[in-house]
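Labels below follow one simple rule: chain letters A, B, ... track the order of the sequence lines, proteins then strands, and each chain is numbered from 1.
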Amino acid sequence: QQKVQQSPESLSVPEGGMASLNCTSSDRNFQYFWWYRQHSGEGPKALMSIFSDGDKKEGRFTAHLNKASLHVSLHIRDSQPSDSALYFCAASPSSGSWQLIFGSGTQLTVMP
Amino acid sequence: EAAVTQSPRNKVAVTGGKVTLSCNQTNNHNNMYWYRQDTGHGLRLIHYSYGAGSTEKGDIPDGYKASRPSQENFSLILELATPSQTSVYFCASGDGWGANTGQLYFGEGSKLTVL
């Protein structure tokens with residue numbers, strides 16, 4: 001079983017809509033979470049991190065972490081066609097750790 | 001911005017042949033990584049390095065070797081390539097502590113096809 005599981009595998013939303021992506025860790029050692037975004041033909045790029053319980057907002061993107069349930073989500077409001085990409089959740093066990101475990105990704109398509 | 005460059009970007013190899021994928025970073029990061037990306041599996045760690053001269057096994061090291069001759073360069077070596085190693089390979093660097101824990105900088109990827 002993968003240590004970091006993402007859902008859904010794919011998601012389509014209309015332009016201007018809200019996209020919600022989910023991620024759960026099955027290992028309580030992994031408590032530092034990142035969201036990465038990968039556009040087609042490119043390498044993944046770090047989007048935002050969340051290390052504390054609650055919400056973290058950066059522009060149109062909001063991440064939410066519940067450490068008790070090891071669940072993290074990413075919400076994209078006012079979705080744009082340029083947001084269409086593969087989104088990865090990644091988890092690390094501790095500050096400064098070399099380990100970064102990726103989920104299998106959610107393919108987001110924003111329809112104009 | 002942090003820069004990680006990979007070469008070659010595309011490679012076609014024959015079964016049993018030797019393949020070397022190269023990676024160069026100008027970030028002065030201590031840690032470097034090689035991942036492979038396959039549909040349904042996300043990014044899986046093959047080898048990583050803490051610095052020049054060090055290489056460590058990741059989650060799926062079988063069939064791969066790595067070499068870190070300098071701070072800037074990290075290579076992935078397939079001594080006897082097999083069709084199952086057909087994939088897209090990504091190199092990354094990082095040195096995150098505290099708020100930057102888990103922040104990696106990726107290259108553009110190397111697409112390898114083994115026939």
### Structural part of Asp59(B) lying under 4.5 Å from a heavy atom of chain A
side chain
### Query
In terms of hydrophobic clustering (I, L, V, M, F, W, Y; side-chain heavy atoms under 4.5 Å; direct or indirect links), are Leu112(B) and Phe90(B) co-clustered?
no
### Message
Counting only heavy atoms from other residues, nucleotides and ligands, does the tally under 6.0 Å from NZ of Lys57(B) exceed 12?
### Response
no
### Message
Would you compute the distance between atom CG of Leu45(B) and atom CG of Leu100(A) and round it to the nearest 0.5 angstrom?
### Response
9.0 Å
#### Entry: Selection from Pro44(A), Gly105(A), Ala46(A) maximising heavy-atom pairs under 4.5 Å formed with chain B
Pro44(A)
#### Entry: Stepwise side-chain contact (heavy atoms from CB on, under 4.5 Å) test for Trp34(A) and Leu104(B)
CA-CA 10 Å; Trp34(A) 278 86; Leu104(B) 300 186; over 6 Å; no
### Summary
Bottom line for Gln38(A): the part with an atom under 4.5 Å from chain B's heavy atoms is side chain
#### Entry: Point-to-point distance, once rounded to the nearest 0.5 Å, from CZ of Arg44(B) to CD1 of Ile101(A)
12.0 Å
### Query
Do you know which of Lys111(B), Glu108(B), Glu56(B) has the most heavy-atom pairs under 4.5 Å to chain A?
Glu108(B)
### Part of Gln37(B) lying under 4.5 Å from any heavy atom of chain A
side chain
### Query
If you group Ile, Leu, Val, Met, Phe, Trp and Tyr by side-chain heavy-atom gaps below 4.5 Å, do Leu86(A) and Val13(A) land in one group?
no
### Query
Should Leu74(A) and Phe33(A) be counted in the same cluster of Ile, Leu, Val, Met, Phe, Trp and Tyr side chains packed under 4.5 Å apart?
yes
### Task
Can you tell which part of Tyr36(A) gets under 4.5 Å to a heavy atom of chain B, answering side chain, backbone, both or neither?
side chain
